[in-house]
S.K.: 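Below is the structure I would like to discuss, written out as structure tokens.
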Amino acid sequence: NSPEDEVIALEDQREVREAFDLLSEEERNILDYRYAEDLQHQFIARKLNRSTSAVKSSASRAMKRLRIFFSLRNSELIKPAGKSYHRGRN
């Protein structure tokens, strides 16, 4: 990997940590179990002493919040310099 690739990877990791900080501890745990440990919802529910539907709902809400975070972050990155995006102003 080039030094540029390493810097980009570190920046990506920082952004993911920042996004995860917006989630509750339970939401972080659920996503960690689901995606890092590849556990199914029913196993996560047992581990957390929650219903499967509650785990699915929490995972869905957490993923939605992450999508919004990254969508907003990406929209900030592509705004043309010097443009105002306030309503009623040009």
Side-chain angles (χ1 to χ4, degrees):
N1 290 340
S2 74
E4 290 174 350
D5 291 338
E6 290 179 24
V7 169
I8 290 169
L10 288 172
E11 180 65 20
D12 289 347
Q13 289 174 5
R14 185 192 62 75
E15 285 187 11
V16 169
R17 280 193 303 275
E18 186 178 330
F20 263 63
D21 286 345
L22 299 174
L23 303 177
S24 70
E25 182 178 355
E26 181 175 88
E27 290 170 329
R28 287 192 300 269
N29 288 336
I30 288 171
L31 294 185
D32 185 51
Y33 288 140
R34 181 71 186 108
Y35 296 103
E37 296 186 29
D38 201 29
L39 294 180
Q40 297 298 315
H41 290 113
Q42 64 266 25
F43 296 112
I44 299 168
R46 280 190 217 138
K47 222 174 188 13
L48 298 177
N49 198 29
R50 301 284 311 271
S51 70
T52 301
S53 62
V55 167
K56 286 180 179 180
S57 293
S58 291
S60 178
R61 278 192 310 273
M63 291 300 291
K64 181 178 181 179
R65 290 172 69 189
L66 292 176
R67 280 191 296 274
I68 291 169
F69 173 86
F70 285 109
S71 174
L72 291 173
R73 173 75 102 212
N74 289 336
S75 70
E76 288 294 318
L77 293 175
I78 60 173
K79 281 185 185 176
K83 294 280 185 175
S84 174
Y85 287 90
H86 299 287
R87 287 186 184 185
R89 295 183 186 168
N90 291 335

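What you see is a predicted model; the values in this text were computed from it and never measured.
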S.K.: Can you tell me if Glu6 has over 12 outside heavy atoms packed within less than 6.0 Å of its CD?
M.R.: yes
S.K.: So Arg61 and Ser58, side-chain contact (heavy atoms from CB on, under 4.5 Å) or not? Walk me through it.
M.R.: CA-CA 5 Å; Arg61 278 192 310 273; Ser58 291; 3.3 Å; yes
S.K.: Ignoring hydrogens, what is the shortest heavy-atom contact between Ser24 and Arg65? Give both atom names and the distance.
M.R.: N-NH1, 4.4 Å
S.K.: Okay, side chain of Arg34, backbone of Ala59: is any donor-acceptor separation there less than 3.5 Å?
M.R.: no
S.K.: State plainly whether one hydrophobic cluster holds both Val16 and Leu66, where clusters connect Ile, Leu, Val, Met, Phe, Trp and Tyr through side-chain heavy atoms under 4.5 angstrom apart.
M.R.: yes
S.K.: Counting distance only, does the side-chain N/O of Ser57 pair as donor-acceptor with the main-chain N or O of Ser53 below 3.5 Å?
M.R.: yes
S.K.: Arg67 and Ser60: which non-hydrogen atoms are nearest, and at how many Å?
M.R.: NH2-O, 4.5 Å
S.K.: Write down the atom of Tyr35, the atom of Met63, and the distance for their closest heavy-atom approach.
M.R.: CE1-SD, 4.1 Å
S.K.: One thing to verify: whether Arg14 and Glu11 come together as a salt bridge, which I'm taking to mean a side-chain N less than 4.0 angstrom from a carboxylate O.
M.R.: yes
S.K.: Taking all non-hydrogen atoms of both residues into account, name the closest pair between Ala45 and Val55 and its distance.
M.R.: CA-CG2, 3.6 Å
S.K.: Determine, using the 4.5 Å side-chain heavy-atom cutoff (strictly less than), whether Leu23 and Ile30 are members of one ILVMFWY cluster.
M.R.: no
S.K.: Can you see which heavy atom on Phe69 is nearest to which on Glu15, and at what distance?
M.R.: CE2-O, 3.8 Å
